[in-house]
**Q** 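Have a look at this one.
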2 protein chains.
Amino acid sequence: MPSEPLARIPVASTPSQRFEEYLQSRGMRNTKPRRILVEYIFNSHDHFDADELLDRLPRKGTQGYVSRSTVYRLLAEFVEAGLLRTIELEGRTVYELDYGYPQHDHLYCNSCEKLIEFQSDHLLELRNALAQKANFQVSGHQLIISGECEDCQKIKRKRIRRKVDLI
Amino acid sequence: MPSEPLARIPVASTPSQRFEEYLQSRGMRNTKPRRILVEYIFNSHDHFDADELLDRLPRKGTQGYVSRSTVYRLLAEFVEAGLLRTIELEGRTVYELDYGYPQHDHLYCNSCEKLIEFQSDHLLELRNALAQKANFQVSGHQLIISGECEDCQKIKRKRIRRKVDLI
DNA sequence: TTCTGTGCAAAGGATTTGCATAGAC
DNA sequence: GTCTATGCAAATCCTTTGCACAGAA
């Protein structure tokens with residue numbers, strides 16, 4: 001006997017839709033600022049802080065403006081919700097996509113302040129082994145390797161070469 | 001022919017003495033606040049921030065008082081000098097001994113906010129290998145593994161046991 | 001005596017909060 | 001209509017700075 005076709009269960013596919021469901025399930029309201037920020041965040045996979053975000057969003061008086069305090073409030077909310085994760089970097093808080101984005105760590109260039117992502121299973125294994133030794137129950141970790149990126153090294157070498165040329 | 005006994009070259013043995021030499025070599029002055037902070041720092045191998053330090057130091061009006069701005073200035077100076085290193089932790093800057101103290105990383109307990117040190121050569125090797133892959137020139141790194149320390153896990157388990165007893 | 005280092009008060013930058021109102025449900 | 005979320009302004013937290021004076025060298 002042929003089975004019935006499966007009922008068409010609506011599946012949230014876009015981040016916005018998933019977020020909408022998240023809000024509903026918690027009795028939170030689907031407001032304009034929330035839509036604007038979710039939209040922004042999922043369309044730019046970069047690292048950013050509250051100030052950069054405000055800079056790129058519409059200005060006060062313009063359509064789509066979100067106030068500074070709301071930006072802070074929503075960023076914290078998104079972190080809580082698991083949409084974003086934070087990186088503490090020299091005093092400022094930098095945000096990056098978390099939801100549906102693989103766990104990773106960063107190389108931080110002291111010259112150009114660029115963050116470069118990398119992923120390492122070895123690191124995870126080592127982390128877990130290290131924690132195990134101290135009977136520590138891991139919930140997460142953050143590794144930032146700092147130094148100088150390839151590009152900045154090249155630029156520096158070029159400068160040195162020029163200096164030599166002048167002699 | 002027996003050699004002459006080696007000339008008695010004075011060797012700075014205590015951190016304070018070494019620091020005094022450091023100051024001299026740079027034409028910096030050996031002031032009371034500097035002595036007080038060096039003394040404090042090398043006698044307590046903990047992690048601390050500017051505020052905690054101020055809390056533990058003599059109060060205004062008392063002998064040995066160091067002003068808030070001087071504390072900040074000297075902490076930055078010590079980091080520059082390689083006596084201390086910093087850890088960025090949830091907004092605040094935490095300091096710890098660096099000079100003559102082996103490189104290490106931290107487990108951070110989210111419950112009691114304790115920092116637990118550990119050292120891993122494997123981690124250093126892995127770090128260097130990872131950076132190498134991206135042609136990144138490493139100058140340092142910071143790894144914080146967060147979660148729950150052994151003590152806090154025990155306390156929690158105890159609480160749960162108590163709850164069960166009540167049923 | 002000279003010039004660095006300090007204390008004080010004030011400024012700064014990032015983030016948070018109290019409150020009245022707008023707006024989602 | 002009800003009650004959460006927002007915008008605004010003010011507050012707060014941590015840190016830095018300008019300046020006059022103290023005190024090392």
**Q** Are the side chains of Ser139(A) and Asn110(B) in touch, meaning some heavy atoms are under 4.5 Å apart?
**A** yes
**Q** Which residue pairs satisfy the salt bridge (charged side-chain N to carboxylate O under 4.0 Å, His left out) criterion with at least one member in residues 119-130 of chain A, sequence neighbours excluded?
**A** none
**Q** Are a donor atom and an acceptor atom from the side chains of Arg59(B) and Tyr65(B) found within less than 3.5 Å of each other?
**A** no
**Q** Listed by chain and number, what are the side-chain hydrogen bond (donor to acceptor under 3.5 Å, both in side chains) partners of Tyr99(A), not counting sequence neighbours?
**A** none
**Q** Would you say Tyr65(B) places a side-chain N or O within less than 4.0 Å of OP1 or OP2 belonging to dC8(C)?
**A** yes
**Q** With sequence neighbours excluded, tell me which residues meet side-chain hydrogen bond (donor to acceptor under 3.5 Å, both in side chains) with Glu52(B).
**A** Arg92(B)
**Q** Which residues in residues 69-77 of chain B have a heavy atom closer than 4.0 Å to any atom of DNA chain D?
**A** Ser69(B), Tyr72(B), Arg73(B)
**Q** Output a table of donor-acceptor pairs, distance under 3.5 Å, between side-chain atoms of residues 128-137 of chain B and any protein atom two or more places apart or on a different chain; print 'none' if there are none.
**A**
| residue | atom | partner | partner atom | Å |
| --- | --- | --- | --- | --- |
| Asn128(B) | ND2 | Leu124(B) | O | 3.3 |
| Asn135(B) | ND2 | Glu150(A) | OE2 | 3.0 |

**Q** Does anything in residues 79-87 of chain B come within less than 4.0 Å of DNA chain D? Heavy atoms only, and list the residues if so.
**A** none
**Q** Roughly how many Å is it from CG in Asp55(B) to C1' in dC13(D), rounded to a whole number?
**A** 15 Å
**Q** Whole Å only: how far is the CD atom of Glu90(A) from the P atom of dA14(C)?
**A** 13 Å
**Q** Going by ring-ring contact (aromatic ring centres under 6.0 Å, His included), name the residues that satisfy it together with His106(B), two or more places apart in sequence or in a different chain.
**A** His47(B), His104(B)
**Q** So, does Arg68(A) get its side chain near the phosphate of dC8(D), meaning an N or O under 4.0 Å from OP1 or OP2?
**A** no
**Q** Between the protein and nucleotides 20-25 of chain C, which nitrogen or oxygen pairs come in under 3.5 angstrom?
**A**
| residue | atom | partner | partner atom | Å |
| --- | --- | --- | --- | --- |
| dG23(C) | N2 | Arg29(A) | NH1 | 2.5 |
| dA24(C) | N3 | Arg29(A) | NH1 | 3.3 |
| dC25(C) | OP1 | Asn30(A) | N | 3.0 |

**Q** When the distance from CD of Glu88(A) to C1' of dA14(C) is rounded to whole Å, what number comes out?
**A** 12 Å
**Q** From CZ of Arg59(B) over to C1' of dC8(C), roughly how many Å is that when rounded to an integer?
**A** 18 Å
**Q** Excluding sequence neighbours, so at least two apart, what forms side-chain hydrogen bond (donor to acceptor under 3.5 Å, both in side chains) with Lys32(A)?
**A** none
**Q** How many Å lie between CZ on Arg92(A) and C1' on dT15(D), as a whole number?
**A** 17 Å
**Q** Calculate the interatomic distance between Leu23(A) atom CG and dC3(D) atom P; express it in whole Å.
**A** 20 Å
**Q** Tell me which of Lys60(A) and Gly27(A) sits closer to the 5' end of DNA chain D, going by the nucleotide each one is nearest to.
**A** Gly27(A)
**Q** Side chains of residues 70-82 of chain A: which donor-acceptor partners sit under 3.5 Å, not counting sequence neighbours?
**A**
| residue | atom | partner | partner atom | Å |
| --- | --- | --- | --- | --- |
| Thr70(A) | OG1 | Ser67(A) | OG | 3.1 |
| Glu77(A) | OE1 | Arg34(A) | NH2 | 3.1 |
| Glu77(A) | OE2 | Arg34(A) | NE | 2.8 |

**Q** Measure from CZ on Phe19(A) to C1' on dA5(D) and round the result to the nearest Å.
**A** 12 Å
**Q** Starting at CG of Leu54(A) and ending at P of dT6(D), how long is that distance when rounded to a whole Å?
**A** 14 Å
**Q** Could you work out, with salt bridge (charged side-chain N to carboxylate O under 4.0 Å, His left out) as the rule, every residue matching Glu96(A), not counting sequence neighbours?
**A** Arg85(A)
**Q** Name all residues meeting the side-chain hydrogen bond (donor to acceptor under 3.5 Å, both in side chains) criterion together with Gln142(A); count only those two or more places apart in sequence or in a different chain, and write none if there are none.
**A** none
